[in-house]
Amino acid sequence: MAVETTLVLVKPDGVRRGLCGEIVARFERRGYELRAARLLRVSKPLAREHYAEHRGKPFFADLVDFITSGAVLALAVRGEDAIAGVRGLMGATNPADSAPGTIRGDLATLLSENVVHGSDSRKSARRELQLFFPDGLV
Ligand code: IDP
Ligand code: MG
């Protein structure tokens with residue numbers, strides 16, 4: 001058990017559908033703390049860097065196009081075991097497999113438009129927080 005900070009993105013589909021408040025509320029109700037928030041349009045270079053682990057996969061170009069298709073809400077979320085806990089609240093990557101009660105299980109149906117991103121490890125969290133909050137966290 002340890003206090004961790006993780007990167008959450010409300011993806012363009014979530015922002016377009018007006019789901020930011022609902023999603024932020026779920027993290028806050030669970031007991032996590034918002035350390036930083038930023039509404040931004042992700043550039044292609046930032047998108048390619050963020051999704052570097054998926055470079056070369058057949059869906060990479062679509063992933064970059066989608067995450068750059070509209071505003072994204074970036075959040076630094078902190079709490080006890082926040083990295084795994086946040087991913088648990090999000091549900092399985094493919095909404096077809098996401099349990100009801102999770103963000104994706106309640107709010108999404110498509111793998112390509114699954115509303116949220118959450119860092120998957122301490123190493124990813126460190127790297128991704130630096131990409132989206134280069135000036136550090138307050
Ligand atoms: P995650 O978002 O749950 O961490 P990843 O495997 O890191 O899942 O994939 C990143 C994003 O890429 C997913 O959230 C999903 O939107 C998209 N994605 C993953 N696998 C596929 C696929 O096979 N086809 C199309 N899009 C995919
Ligand atoms: Mg991932």
Side-chain angles (χ1 to χ4, degrees):
M1 302 283 279
V3 174
E4 297 170 335
T5 305
T6 188
L7 178 80
V8 169
L9 300 178
V10 180
K11 297 183 184 183
D13 53 332
V15 175
R16 270 194 288 269
R17 290 169 60 199
L19 297 174
C20 289
E22 153 107 29
I23 290 167
V24 168
R26 289 180 181 223
F27 296 127
E28 291 184 322
R29 284 209 308 264
R30 177 75 184 267
Y32 298 128
E33 179 191 359
L34 293 188
R35 297 292 293 173
R38 189 179 161 210
L39 191 71
L40 73 155
R41 187 77 186 250
V42 175
S43 68
K44 298 267 181 190
L46 175 58
R48 289 189 201 104
E49 195 57 41
H50 173 68
Y51 281 129
E53 66 175 296
H54 298 299
R55 209 172 275 151
K57 295 183 185 171
F59 59 88
F60 183 70
D62 288 343
L63 201 52
V64 169
D65 283 349
F66 179 65
I67 202 74
T68 58
S69 69
V72 157
L73 178 66
L75 304 166
V77 175
R78 185 165 89 159
E80 194 69 28
D81 289 327
I83 295 168
V86 159
R87 285 185 61 96
L89 285 183
M90 288 181 176
T93 301
N94 190 339
D97 304 321
S98 308
T102 64
I103 292 168
R104 288 162 170 165
D106 289 348
L107 304 175
T109 58
L110 298 174
L111 173 58
S112 55
E113 300 187 18
N114 59 359
V115 179
V116 277
H117 166 86
S119 307
D120 65 5
S121 67
R122 286 195 190 178
K123 191 170 167 214
S124 302
R126 228 181 351 261
R127 191 181 77 82
E128 294 172 1
L129 286 165
Q130 178 62 31
L131 288 176
F132 282 85
F133 297 101
D135 298 333
L137 307 176
V138 244

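We count ligands from 1, going down the list as the structure has it; atoms in each ligand are counted the same way.
Remark: Arg122 CZ is loosely packed, at most 12 non-hydrogen atoms of other residues, nucleotides or ligands lying under 6.0 Å away.
Side-chain atoms of His50 and Val42, non-hydrogen and from C-beta on, never get closer than 4.5 Å to each other. Counting heavy atoms from C-beta outward, Thr6 and Tyr32 have side chains that stay 4.5 Å or more apart. Proximity of Val24 to Leu73: side-chain heavy atoms (C-beta onward) are separated by under 4.5 Å at one or more points. Taking 4.5 Å as the limit, every side-chain heavy atom of Val115 sits out of range of all side-chain heavy atoms of Lys11. In this structure, the side chains of Met90 and Asn114 stay at 4.5 Å or more apart for every pair of heavy atoms. Within the 4.5 Å cutoff, the side chain of Asp106 has no heavy atoms near those of the Glu22 side chain. For the pair Thr93/Arg104, a side-chain contact is recorded, criterion being any heavy-atom separation below 4.5 Å from C-beta on.
Within the 4.0 Å heavy-atom cutoff, Asp120 does not count among the residues contacting ligand 1. Note on ligand 1: Glu113 sits outside its first shell, no heavy atom being nearer than 4.0 Å. Not a single heavy atom of Lys57 lies less than 4.0 angstrom from ligand 1.
Both the backbone and the side chain of Leu111 come within 4.0 Å of ligand 1, counting heavy atoms alone. Of all the heavy atoms of His50, none lies under 4.0 Å from any atom of ligand 1, so neither backbone nor side chain is involved. Residue-level proximity to ligand 1 for His54 is carried by the side chain, the only part with a heavy atom below 4.0 angstrom.
Of the protein's non-hydrogen atoms, the one nearest atom 2 (O) of ligand 1 is Arg104 NH2, 3.3 Å. In this structure, atom 20 (N) of ligand 1 lies nearest to the protein heavy atom Phe59 CZ, 3.5 Å. Protein heavy atom in closest approach to atom 1 (P) of ligand 1: Thr93 OG1, 3.6 Å. The protein non-hydrogen atom at the shortest distance from atom 14 (O) of ligand 1 is Asn114 ND2, 2.8 Å.
Taking every heavy atom of Arg87 and a limit of under 4.0 angstrom, the matching atoms of ligand 1 come to 1 (P), 3 (O), 4 (O). Interface atoms of ligand 1 facing Leu63, defined by a heavy-atom separation under 4.0 Å, are 11 (C), 12 (O), 17 (C).
At least one N/O-N/O distance between Lys11 and ligand 1 falls below 3.5 Å.
The closest donor-acceptor contact from the side chain of Ser98 to the backbone of Ala92 lies under 3.5 Å.
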